Every structure is written in structure tokens, then in C-alpha cells.
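Each remark here refers to the structure printed beneath this line.
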Amino acid sequence: MTGSPWTLRIPVAMVFLTGAAALVYELAWTRWLTLLLGAGTQSLAVITASTMLGFALGAALLSPRIDRARLPLRVYGALEVAIGLSAAVVSWVLRAGTTAAWSAALPRPALVVLVLALVGVPTAFMGATLPALVAHVTRRSADAMRGGISALYASNTAGAVLGTLAAGFFLIEHVGYTAAALLGVSINLIVGATAMVF
């Protein structure tokens, strides 16, 4: 990796961290939804479907705008901040719903639709983050472009693996679901603010 750290090295580190945060969210949201629905398999299916749908919509709807952006790294930062804020809202609603009267009164189909809509917001932003970083890398360096895209995707995947392991074997047990989700929010906000500043 040559040139400025902002060409590739720092973006690779950023997607590693945010990939980990995304999987921490998924585990926490699945747990809270299991308490709401009473079925772990159904909860995992709803969260997974919401995530995949959000990724697809975000990439499809926001990527063309990113391609026209003058500063894609700044767009990436704004997306990460939006992920952190919307993920905080999703976490609060799902956690509050485990003990709230309104969640018990909702029929199951309505609850599933609500979760699809809620989780679809941060995951749509997530779906546009890699296109934004790819746009940044490819504009900054032709050399970085050759290995840069694969490095970004590999780092994001590695971060997701780490997030799953860390949440499953350490975070949930020692700090709980709420603190784990707040850690994910903090990662997104810090990464987003840093990218926007630089």
C-alpha cells in the first residue's frame, strides 16, 4: 500500500471496525427480537432478511449519488454517523419492546413489519458505505485500485468475523447486550466523524 494512509490503509482499518460493529448489532437485535417473538429461529430469519434487504436497497439507491459526489470519503463519514444514530434508535426500540405493553399488543405480522422497517434504515446506510470507500480509493490512486477493492471487502469480512466472536464469547457475557450495542454505536460515530474531518 503506497501513498497517503488515507488512500487505503486507514479506509481498510475503518471497514474492519465497522464490520465488527455490524455483527455486534445483529447479535443484540436478534436477542431482543427473540424475547419479543418467542422464537430464536424466526428472530434470526427476520433480522437476516432485514439486513440483506437493507444492504441491497442502500447499494442500489445510494450508490449512484455517491458516484457523483465530489468527496466520497466525506459521504462515507456521513453514512457511518447515520448508521450509528439509527442503530441506537433500533437498539432502544427493540430493547424497550421486550418489556413494553405496546409490543405485547401488536400482532406478530405487524411486529415483523415494524422490525423490517426499523432495521432496514441502518442497514441501508451500511449497504452504501463500501461503494463510498471504493469511490474514494479508486479516485485517489490507480495503484491502490488494483488491490484496494479486494482489501476493503476482505477487511470488512474479517471485521464481521471478529465482531461475531467478540460479541458471542466476550462482550455479551461480560457487559451485556445494551453495552455491546452502544459500543457498536460508538465505533460508527467515531469512524464517521474521523472520515468527515479528514
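Keep in mind it's a predicted model, so treat the numbers as computed, not measured. The analysis underlying the following values was restricted to heavy atoms, covering all of them including side chains, and did not include hydrogens, waters or symmetry mates.
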Rounded to the nearest 0.5 Å, what's the gap from CH2 on Trp29 to OG1 on Thr51? Could you check? 7.0 Å
Taking C-beta and beyond as the side chain, do Val191 and Tyr76 meet within less than 4.5 Å on heavy atoms? yes
Might you point out which heavy atoms bring Ala128 and Gly58 nearest each other, and give the distance in Å? CB-O, 3.9 Å
Can Trp92 be reached from Leu118 by stepping across I, L, V, M, F, W or Y side chains whose heavy atoms are under 4.5 Å apart? yes
Beyond-backbone contact of Ile66 with Leu79, side-chain heavy atoms, under 4.5 angstrom: yes
Quick one: does Val81's side chain get under 4.5 Å of Leu85's, heavy atoms only? yes
Looking at every non-hydrogen atom in both residues, tell me the closest pair between Val175 and Ala180 and how far apart they are. CG2-N, 4.1 Å
Would a single hydrophobic cluster contain both Leu114 and Val119, if residues Ile, Leu, Val, Met, Phe, Trp and Tyr are joined by side-chain heavy-atom contacts under 4.5 Å? yes
Approximate separation, where rounding is to 0.5 Å, of Thr138 OG1 and Ile149 CD1: 6.5 Å
For Arg108, does the CZ atom have more than 12 heavy-atom neighbours from other residues, nucleotides or ligands under 6.0 Å away? yes
Should Thr194 and Met14 count as side-chain neighbours, where that means a heavy-atom distance under 4.5 Å? yes
Do you know which two heavy atoms are closest between Ala28 and Ala181, and how far apart they sit? CB-CB, 4.4 Å
If you define the side chain from C-beta out and look only at heavy atoms, does anything of Glu26 sit under 4.5 Å from Leu23? yes
Same cluster or not: Leu27 versus Leu35, using hydrophobic residues (I, L, V, M, F, W, Y) connected whenever any side-chain heavy atoms lie under 4.5 Å apart? no
Is there a donor-acceptor pair under 3.5 Å between the side chain of Ser155 and the backbone N or O of Leu152? no
Measuring from Thr129:OG1 to Leu62:CG, what's the distance to the nearest 0.5 Å? 10.0 Å
Any donor and acceptor pair, going by atom type alone, linking the side chain of Thr48 with main-chain N or O of Ala45 inside 3.5 Å? no
Path from Leu37 to Leu94 over hydrophobic side-chain contacts below 4.5 Å: yes
Would Ser91 and Tyr177 count as a side-chain contact (heavy atoms from CB on, under 4.5 Å) here? Give the steps. CA-CA 9 Å; Ser91 299; Tyr177 290 97; over 6 Å; no
Nearest heavy atoms of Gly54 and Thr123, plus distance in Å: CA-OG1, 3.3 Å
Leu182 and Leu189: same hydrophobic cluster, using ILVMFWY side-chain contacts below 4.5 Å? no
Using every non-hydrogen atom in the two residues, find where Glu80 and Gly192 come nearest and quote the distance to one decimal. CB-CA, 3.5 Å
Knowing that exactly one of Leu116, Val90, Val112 qualifies, which makes a side chain to side chain contact (heavy atoms under 4.5 Å, CB included) with Ser50? Leu116
Do Leu36 and Leu33 have side chains that approach each other closer than 4.5 Å (heavy atoms only, starting at C-beta)? yes
Find the distance between OG1 (Thr30) and OH (Tyr25) and round it off to the nearest 0.5 Å. 14.0 Å
Does the side-chain contact (heavy atoms from CB on, under 4.5 Å) test come out yes or no for Val15 and Tyr153, once each step is laid out? CA-CA 8 Å; Val15 294; Tyr153 280 91; over 6 Å; no
Rounded to the nearest 0.5 Å, the CG atom of Leu71 sits from the CE atom of Met196 at a distance of 11.0 Å
Ser86 side chain vs Ile83 backbone, donor-acceptor pair below 3.5 Å: yes
Side chains of Leu183 and Val24 in contact at under 4.5 Å (non-hydrogen atoms): no
Leu57 CG to Phe125 CZ distance, which is reported to the nearest 0.5 Å: 12.0 Å
Please name the pair of heavy atoms, one in Pro64 and one in Ala60, separated by the smallest distance, quoted to 0.1 Å. CD-O, 3.4 Å
